[in-house]
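Accompanying notes for the structure given below.
Every chain is numbered from 1 and lettered A, B, ... according to where its sequence line falls, protein lines coming before strand lines.
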2 protein chains.
Amino acid sequence: MCLAGYPLAMAARDLQERIKKLIIDRRLASGAPLPTEPELMAHLGASRNSVREALKGLQAMGIVEIRHGFGTYVGTMSLAPMVEGLAFRTVAGHHRGEDTLLQLLQLREAVETGLVSRLAGRIPDADLVELDALVDRMEEQAARGGDGIAETDRAFHATLYRGLDNALLGEVMEAFWDTFHRVHTDLGGAPQDPLVTCRQHREIVDAVRSGDAIRAEKAISEHFGNIRVRVSTTGTQHPHRCHNERV
Amino acid sequence: MCLAGYPLAMAARDLQERIKKLIIDRRLASGAPLPTEPELMAHLGASRNSVREALKGLQAMGIVEIRHGFGTYVGTMSLAPMVEGLAFRTVAGHHRGEDTLLQLLQLREAVETGLVSRLAGRIPDADLVELDALVDRMEEQAARGGDGIAETDRAFHATLYRGLDNALLGEVMEAFWDTFHRVHTDLGGAPQDPLVTCRQHREIVDAVRSGDAIRAEKAISEHFGNIRVRVSTTGTQHPHRCHNERV
DNA sequence: AGAGTCAGCTGCTCTAACCAACTGAGCTAG
DNA sequence: CTAGCTCAGTTGGTTAGAGCAGCTGACTCT
């Protein structure tokens, strides 16, 4: 087909850009509906197939969200795609004998160490209360079977940095946590000792509350040191098969 | 077609996972060739169309690299896709009146402040030499027309954190720099004063060399403070059209 | 009035053909 | 003999049309 004025070739690469431009120009917010596939075909002057391939790429970047039988919508633009990509990169590297998981952990440690010292003394009281509650909850969960420990751990790290008052920063930290956790479990890594985790989380909260930046950094550092032992003593020796057996 | 044992529906979502699994299982490194499209069709029991859509998604995540008339290869798995997604998210939010660019800058500041204090005093001498050279070069470029300033700036921030000896961390920081720079120029933001930048870079190097963590943090903070002024006084008022006019 | 059904949207998958970019073998001209 | 060209074969890119599958809402039957 190819409407007048558009180059015949190079459709695919441009299509994504043009769909992105369409979202920008129409000021579409997350969740807003995009034109249907036939409408996009007409608007962009490309075949169904090319439009769909472009959408698939945008979907992988979290820019659009496709719901079968319902429509296409502007995506949440969360960092989930980054988690996906980073996780795969880490797993692939690990299976080829590289210490990618350790590197990922070190990345988290380096960044969180800096953030926590920035946070010391200026964290809102409300967050401290919530952090205390999260440690309490994890102690309960540890006393029981241990169900939900991971989710509580995630919430702890997410809540910790809420005080820095930057939603993007919070998302990035969560994304790193998610990536690490996902890769660690996929690779069959040994879980932490919940009681040790609780004690270290408690110390982090107390250190931040006291306003002692050095102590807070040390607390984070010890926490990660503990995790690091678990990572480097397992996983590297027995590259397990991925779950989701198929192919 | 659909080979025995595979569900008839749900092809697309699984296809990506199965291709990823194929890369993992065969221990394919970056740059290694993937099966051709016909081979993948046979291997995965799906049509050409579905295979291509899956590949487009993986391409958007940097997991595979597609070269027309040549073949499909395992991608470099750089963070470029993350830059792409984050940049779009920032631009889109900006055009809807949100202060996303400022948030991105604050993210960089928070993270780099922590990293630079961690770096103070333990940075390798070789890196210091290189950083000095980079500041010198930027001074030259400022004296001339100003060509290549951006690239030198990028190199400075990249070299700074090399001493932390974590390739992943370096890539992440570069990705944040790239995202910020790209969005800032796309939105027609005012460029920095090169001489101010040079002076602040010099102070950062000297602070890190002296081993004074507090001074280093302050130097970074001032540097970002300078950038922040440029961001918040421009750009927010006149949401420019994107470049690449089309559609 | 309530529940089932059906028509219509939506996106999903397949097939088949042709276009376009790259490679390399073989031919031709110098 | 070599330099360059041509052409066939490979690979991904694009289009077309048909039918499948999930969701919605109005219509119909009980």
Can you check the [X] [atom1] to [N] [atom2] distance for me, whole Å?
X	N	atom1	atom2	value
A:I19	C:dG11	CD1	P	12 Å
B:L40	D:dT11	CG	C1'	12 Å
A:E65	C:dC12	CD	C1'	17 Å
B:Q16	C:dC12	CD	C1'	14 Å
A:R13	D:dT14	CZ	P	10 Å
A:H68	C:dC9	NE2	P	16 Å
A:Q59	C:dT10	CD	P	18 Å
B:L44	C:dC12	CG	C1'	17 Å

Donor-acceptor pair (no angle test) under 3.5 Å: B:R67 side chain, D:dG13 base: no
Side chain B:H184, main chain B:F180, donor-acceptor under 3.5 Å: no
Exam field: side chain B:R228 to backbone B:L105, donor-acceptor pair closer than 3.5 Å: no
Salt-bridged, [X] to [Y], with N to O below 4.0 Å?
X	Y	result
B:E17	B:K21	no
A:R89	B:E171	yes
A:K20	B:E84	yes

Parallel, tilted or perpendicular: rings of A:F156 and A:H201 (30°, 60°): parallel
Residue whose nearest DNA chain C nucleotide is more 5′ - B:V51 or B:R48: B:V51
Side chains of residues 31-38 of chain B: which donor-acceptor pairs under 3.5 Å do they make with residues two or more places apart or in other chains?
residue, atom, partner, partner atom, Å
B:T36, OG1, B:E39, N, 3.4
B:T36, OG1, B:E39, OE1, 3.4
B:E37, OE1, B:R48, NE, 2.6
B:E37, OE1, B:R48, NH2, 3.0
B:E37, OE2, B:R52, NH1, 2.8

Divergence of helical axes at both termini of the helix from C:dA1-D:dT30 to C:dG30-D:dC1 - five pairs an end, 10° steps: 20°
Within less than 4.0 Å of OP1 or OP2 of [N], is there a side-chain N or O belonging to [X]?
X	N	value
A:S50	D:dG13	no
B:T72	D:dG12	yes
A:T36	C:dT10	yes

Using the side-chain heavy atoms of [X], tell me which of these nucleotides is nearest: [options].
X	options	answer
B:E37	C:dC14, D:dG13, C:dT13	D:dG13
B:I66	D:dT15, C:dG11, D:dG12	D:dG12
B:N49	D:dG12, D:dA16, C:dT13	D:dA16

